[in-house]
Amino acid sequence: MSSLDQLFVEVTRSLVSRLPPWLAPWASMLATIGAIAAAAPVIMMYLTWLERKLIARMQNRLGPNRVGLYGLLQPIADGVKMFIKEDIVPRGADRLLHLLAPIVAVAPVILLFAVLPFGRNMVGADLHVGLLYFLALGSITSYAIFMGGWASRSKFSMLGAMRTVAQIISYEVPGVLSVVAVIMVTGTLSLVGIVEAQADHWFLFTPWGFVAGAIFFMSGIAEVNRTPFDMPEAESELVGGFHTEYSGMKFALWYMAEFLEAFAICAFTTTLFLGGWQGPPIPFWILAALLALLVGTAKSLALPARGLGVLALVALGGLYARQPIPSWIWFFAKTYVLVFVLVWLRGTFPRLRIDQLMGFAWKFLLPMALVTILAAGLWSLMPFPYGTVLAVLILAASYAVLVRWNRPASLSPRTYVLAD
Amino acid sequence: MSPEIDTRPQVETQTLEVNLGPQHPSTHGVFRMVATLDGETVIRLKPVMGYMHRNHEKIAEGLTYIGCFPYTDRLDYFCAMTNNLALAVAIERLAGIQVSERGEYIRVIMAELTRLVNHTAVTGFLLNDMGAFGTPLLYAFREREKILDLFEAASGSRMMCNYVRPGGVREDLPAGWVERAWEIVRAYPKFLDEFETLLTKNDIILQRTQQVGKLPQPLAVSAGITGPMLRASGVNYDIRKVDGYSVYPRVQFKVPLGTVGDVYDRYLIRILEMRESLKILEQALQALPTTSPSISPKGAAMGKAPRTFRPPKGHAYGRIEAPKGELGFFLVSDGSPQPYRYRIRPPSFINLTVLEDMCLGQKVADVIVILGSIDIVLCEVDR
């Protein structure tokens with residue numbers, strides 16, 4: 001009986017070991033690449049499903065529920081629809097760039113997953129400079145968006161693209177600075193190293209890590225253009241923003257880039273601040289029992305299906321009862337919690353205006369990110385209680401000061417007359 | 001509020017002309033704004049309307065007075081009841097018709113329910129314009145549906161009610177209607193509290209709406225602005241108080257007034273007005289007379305059938321405080337069954353005239369929010 005934790009690793013290894021030795025390294029590389037390339041579209045498709053479902057529940061609706069059980073086949077139906085849509089290129093557009101832009105947008109986002117540790121020993125390539133690689137690839141999207149906006153030859157696209165470039169460049173600064181604290185404390189740029197450094201305590205539970213994590217996550221949301229920072233495609237102003245003039249599969253590619261990058265931001269926040277694939281050693285049977293309970297009480301499933309699901313889960317739980325919950329389950333669970341937060345924000349908040357958005361990056365997030373570097377330094381260099389206390393004090397004080405400074409003087413509570 | 005002129009040597013920049021509409025996700029219908037932008041700042045804005053022109057006023061000259069009522073439903077499709085009411089008030093002035101007591105109360109109840117529907121929906125749409133992903137709008141629509149159920153029970157139609165008639169209303173309320181209305185009136189404050197929790201103190205909303213699209217009091221008065229927009233600028237002018245029509249003098253309610261006249265004031269004035277409307281509804285439902293000699297228009301003044309209804313020669317202007325502002329109908333009668341001239345004073349259209357004044361110097365994103373805060377329905381603007 002193999003370990004559930006290393007399931008995927010061992011499957012790959014056993015497949016590769018049967019091949020001739022000269023082929024083995026290539027095959028192992030291809031297996032990883034294939035897995036990532038196949039998983040990315042699936043993740044994207046079900047992210048759209050998840051988002052629609054969650055937002056619908058927040059809005060007293062049901063969301064997709066016609067195609068398949070719980071609307072689970074909806075993404076496939078949408079994909080088919082996108083494929084058979086007419087591909088329209090506006091007159092006077094730069095046809096080559098117009099075609100190239102969505103491709104340039106998607107490719108680097110898929111490449112991001114290469115350095116992401118999905119679980120213990122589950123990483124495509126453990127680069128020494130994994131973090132730099134992530135930061136570099138993440139910002140390529142702005143080129144793609146500007147290409148798309150420029151090539152569309154539409155004012156809405158152009159305005160949207162200009163906004164995006166300004167926004168992405170601005171938010172990269174606090175985003176990168178918040179990561180500096182992590183690099184300082186761990187002393188490595190390798191993502192696997194950073195995860196392993198969080199074995200004792202996730203960085204989220206340190207004073208500097210909490211703030212830096214929040215800044216990183218917020219900058220990430222801004223970089224992937226999601227509410228409340230979805231300025232580039234502010235549909236109430238700019239129709240569709242940079243992708244106004246896109247249709248069919250090209251449009252789907254834009255969406256794929258956006259959703260995958262949103263997922264990547266959540267995954268990297270997990271890796272950098274939430275301990276990645278590390279988790280408390282809870283035995284696997286508890287998870288299996290919880291899932292069995294969930295399936296058993298799902299009213300919309302047919303009774304035989306429920307029984308079968310419960311049986312399978314109980315058998316699985318019994319088989320691996322003593323083992324801890326596998327690392328890759330921890331990784332995906334944490335990532336999807338962050339995805340939920342992303343959707344939740346989208347369901348709740350209106351969007352900021354472009355100037356307020358820039359002000360937020362430069363006047364609030366940037367100084368706050370600089371303070372986290374100081375706090376991280378104090379935390380790691382001073383002995384335990386003093387460093388932590390000092391870091392908390394500095395962070396709280398600068399937060400209070402920055403909030404006060406940033407609040408426009410014009411905002412005021414209003415008094416109202418109730419006249420006769 | 002013109003942008004400051006920078007005299008330092010700088011990069012040559014061009015202005016950009018952007019056409020918002022007539023097919024645009026947030027112009028609230030087929031409305032077009034030609035905005036000239038300097039960067040993101042609006043330096044000129046030309047509203048283009050008329051895409052929805054249906055020749056309503058001219059068509060009405062060929063219809064009987066009662067025949068005009070279904071057409072008024074289509075003016076401001078959120079507020080069919082108040083549109084009917086305004087025309088009925090004008091016809092009653094023209095022909096000197098008395099309204100039955102119960103009829104008056106039913107009209108006030110319907111008018112205030114309409115105000116709830118309109119203000120709830122417009123607040124939801126305003127938030128959509130600010131970029132909220134539909135959540136406030138759908139919360140608003142959930143409540144709106146409940147009131148539309150009431151309209152359906154009384155009039156047979158959810159939106160195109162065609163319910164109010166000169167002298168009263170078309171049909172009496174069905175059995176159990178008052179109880180259902182009570183349920184909604186009692187539950188509504190809870191919804192408003194929930195709605196306000198989501199919105200009133202939300203920092204993003206404060207930043208997006210405060211000091212945006214300010215309408216100064218003198219401009220509001222001289223441009224003939226009415227309704228919540230005027231009151232948000234601090235002018236105490238509510239036709240329910242000024243004219244004291246129907247049973248409004250008999251109920252206790254206040255008129256909320258804003259201080260700054262920006263988008264935030266317009267939003268909050270609407271919320272406060274809904275709370276006042278609920279007070280009116282409570283009193284009206286309490287005082288609703290149980291018996292009535294006549295509700296339908298088959299009174300003495302009407303002749304045998306509505307078709308033969310002939311008001312005396314003359315003219316009359318009847319107006320009410322519709323949810324969007326002063327809705328008035330000017331009628332000229334030549335003694336025939338059809339109006340000789342039929343003219344509407346639409347609040348949406350007149351409130352829209354100050355759009356450019358409010359938008360100059362603001363960002364392009366604010367234009368959409370300001371437009372949303374005016375509360376227009378294009379069918380009423382273009383008629």
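A pairwise comparison of heavy atoms in B:Leu138 and A:Gln59 identifies CD1-OE1, 2.9 Å as the closest pair.
Chain A forms more heavy-atom pairs under 4.5 Å with one residue of B:Thr259, B:Val18, B:Val260 than with any other, namely B:Val260. Per-residue heavy-atom pair counts under 4.5 Å with chain A were compared for B:Ile205, B:Asp262, B:Leu37, and the maximum is reached by B:Asp262.
Using a 4.5 Å cut-off between heavy atoms, B:Val212 touches chain A through its side chain atoms alone. Heavy atoms closer than 4.5 Å to chain A are found in the side chain of B:Leu272, but not in its backbone. Of the two parts of B:Leu16, only the side chain, counted from C-beta on, holds a non-hydrogen atom closer than 4.5 Å to a non-hydrogen atom of chain A. Only the side chain of B:Glu276 comes within contact range of chain A, judged by heavy atoms closer than 4.5 Å. Both the backbone and the side chain of B:Asp265 come within less than 4.5 Å of a heavy atom of chain A.
Heavy atoms of other residues, nucleotides or ligands lying less than 6.0 angstrom from CZ of B:Arg250 number more than 12. The environment of A:Trp49 atom CH2 is dense: over 12 non-hydrogen atoms of other residues, nucleotides or ligands sit within 6.0 angstrom. For OH of A:Tyr70, the number of neighbouring non-hydrogen atoms (other residues, nucleotides, ligands) closer than 6.0 Å is greater than 12. For A:Phe364, the CZ atom sits in a packed shell: over 12 heavy atoms of surrounding residues, nucleotides or ligands are nearer than 6.0 Å. At most 12 non-hydrogen atoms from other residues, nucleotides or ligands lie less than 6.0 angstrom from CZ of A:Arg153.
In this structure a side-chain-to-backbone donor-acceptor pair under 3.5 Å is present from A:Gln356 to B:Gln207. Although no hydrogens or angles enter the test, the distance criterion places no donor-acceptor pair under 3.5 Å between the side chain of B:Thr135 and the main chain of A:Thr348.
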